[in-house]
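In what follows, a structure is listed as structure tokens, so that the remarks can point back to it.
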Protein chains: 2
Amino acid sequence: MAKMDISTEGKIKAAAKKLFTKNGFEATRTRDIAEEAGINLALLNYYFRSKQKLFEVVMRENVTLFLGSILETINKNQHLTFDEKIELLIDQYIDMLLANPDLPFFILSISRTEEFKKDDSDNPILQSMKLMRASFMQTILADIQSGKLKPVHPLHIISNLMSMIVFPFAASALLKTRTGISDEEFEKLMLERKKLIPVWIKAMFDN
Amino acid sequence: MAKMDISTEGKIKAAAKKLFTKNGFEATRTRDIAEEAGINLALLNYYFRSKQKLFEVVMRENVTLFLGSILETINKNQHLTFDEKIELLIDQYIDMLLANPDLPFFILSISRTEEFKKDDSDNPILQSMKLMRASFMQTILADIQSGKLKPVHPLHIISNLMSMIVFPFAASALLKTRTGISDEEFEKLMLERKKLIPVWIKAMFDN
DNA sequence: GTCTATAGGGTGATAGAC
DNA sequence: GTCTATCACCCTATAGAC
């Protein structure tokens with residue numbers, strides 16, 4: 001849970017975040033946000049001017065949440081080896097997703113919009129991410145050259161890492177209804193994956 | 001592309017499929033479907049009674065498309081070994097997704113709705129899938145017992161297989177904008193994965 | 001079957017009192 | 001800052017002519 005904000009503006013933002021993240025822009029009614037926040041509909045426009053503006057605030061926060069945890073983990077642990085960083089990243093990322101299970105689907109849905117493609121230069125977190133991805137690709141290429149990793153396009157490694165961490169959350173509704181597992185079993189499986197994914201990545205790509 | 005249907009009903013269904021699959025139920029206007037189909041708005045209701053009913057038709061077709069190719073591949077190749085079936089399935093599935101790149105996101109989005117959870121018993125393709133998944137899990141458990149596979153929850157194997165095939169398509173917009181790869185490079189990478197994913201699965205789970 | 005016109009209801013946004 | 005009341009628009013669905 002994010003920190004409690006009892007100001008009216010904070011309540012609106014929290015309600016909007018909850019509903020937009022779960023149901024997306026189109027399926028969310030401003031009336032529902034107002035009701036969820038326990039305030040009047042007119043106040044929503046008083047504080048945020050429009051539904052669109054409010055959505056952009058939520059979008060920005062969710063992107064920061066989704067990418068911020070990666071950046072923080074990597075930046076605050078420069079002393080670790082590459083492999084150790086990956087392990088730590090997976091561990092912390094799965095914790096974050098267990099606390100915010102709707103985030104992956106939300107990110108996937110906004111990534112399909114035109115606005116998202118333009119929102120490049122003015123979001124500092126996206127810029128940091130760009131740099132991190134570049135250095136990540138660089139490290140992989142060096143490890144391929146030195147024979148530590150198998151020769152394969154770095155995007156396959158990044159895709160598989162992302163896939164294995166994020167996809168089960170994006171598809172959790174599907175997994176739960178189809179296989180009949182409970183929320184508790186799902187969480188247990190995701191926690192298991194913290195230890196398994198690093199091993200799998202090594203098995204796939206190490207020489 | 002699906003087979004061309006020049007009847008009015010067929011034109012409406014094709015237009016609805018295109019727009020619903022790309023943008024989902026809420027973001028799609030019946031007016032847009034009518035325009036896309038080149039027909040009058042009233043005809044949409046004449047043929048399909050309501051937006052909701054039309055969406056359900058499209059949903060049913062997309063679920064069939066998404067699961068049907070798996071079932072067909074498996075059923076028509078009983079003579080192959082388990083590993084060979086997996087290889088064939090991956091190959092054909094990636095081809096299907098290259099032809100229908102919006103399908104994964106569509107399936108993920110409908111899986112999050114309440115209607116989808118109830119739509120269990122009355123869809124024959126979902127019943128077939130249930131049976132196939134059961135036999136799949138059975139085979140995996142037997143292979144674990146015989147020592148062929150590492151001892152791990154079968155859902156991890158299924159999740160990783162699904163993740164590696166489907167996720168890059170669900171996240172293709174993200175991958176393309178963020179890494180700057182072109183549509184052609186994306187397709188090339190996905191085709192590469194046809195041969196790579198079977199190898200990766202073996203590396204992860206074989207003893 | 002296909003069209004035009006319009007009903008009927010919901011949605012985002014604002015005016016104006018307090 | 002917060003509320004009530006309401007506008008203006010958009011959307012789905014249908015009535016009714018051809």
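Letters A, B, ... mirror the listed sequences (proteins, then strands); counts begin at 1.
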* Asked: ring pair (Phe, Tyr, Trp, His ring centres under 6.0 Å) with B/Phe82: which residues, sequence neighbours excluded?
  -> B/Phe136
* Which residues share a side-chain contact (heavy atoms from CB on, under 4.5 Å) with A/Ala15, sequence neighbours left out -> A/Ile33, A/Glu36, A/Ala37
* To do: Mind checking side-chain contact (heavy atoms from CB on, under 4.5 Å) for A/Arg193 and listing every partner two or more places apart, or none if nothing turns up?
  => A/Ile94, A/Met164, A/Pro168, A/Met190, A/Ile197, A/Trp200, B/His156, B/Ser159, B/Asn160
* To do: Return the residues of residues 7-14 of chain A meeting this criterion: a heavy atom under 4.0 Å from some atom of DNA chain C. Order them by number, or give none.
  => none
* Structure fact -> Counting primed atoms, P, OP1 and OP2 as sugar-phosphate and everything else as base, the B/S/- map of nucleotides 4-18 of chain C against protein heavy atoms under 4.0 Å is B------BBBB----
* For B/Gln138, all residues meeting side-chain contact (heavy atoms from CB on, under 4.5 Å), sequence neighbours excluded -> none
* To do: Specify the separation, in whole Å, of atom CG of B/Asp32 and atom P of D/dA13.
  => 14 Å
* All side-chain contact (heavy atoms from CB on, under 4.5 Å) counterparts of B/Arg133, not counting sequence neighbours -> A/Arg178, A/Thr179, B/Met129, B/Lys130, B/Met137, B/Ile158
* To do: Any pair with a residue in residues 6-15 of chain A that passes salt bridge (charged side-chain N to carboxylate O under 4.0 Å, His left out), sequence neighbours left out, goes on the list, sorted by first then second residue, please.
  => A/Lys13-A/Glu61
* To do: For A/Phe55, enumerate each residue passing the ring pair (Phe, Tyr, Trp, His ring centres under 6.0 Å) test, keeping only those at least two apart in sequence or located in another chain.
  => A/Phe20, A/Phe25, A/Phe106
* Are B/Glu185 and B/Lys188 ion-paired here, with the side-chain N under 4.0 Å from a carboxylate O? -> no
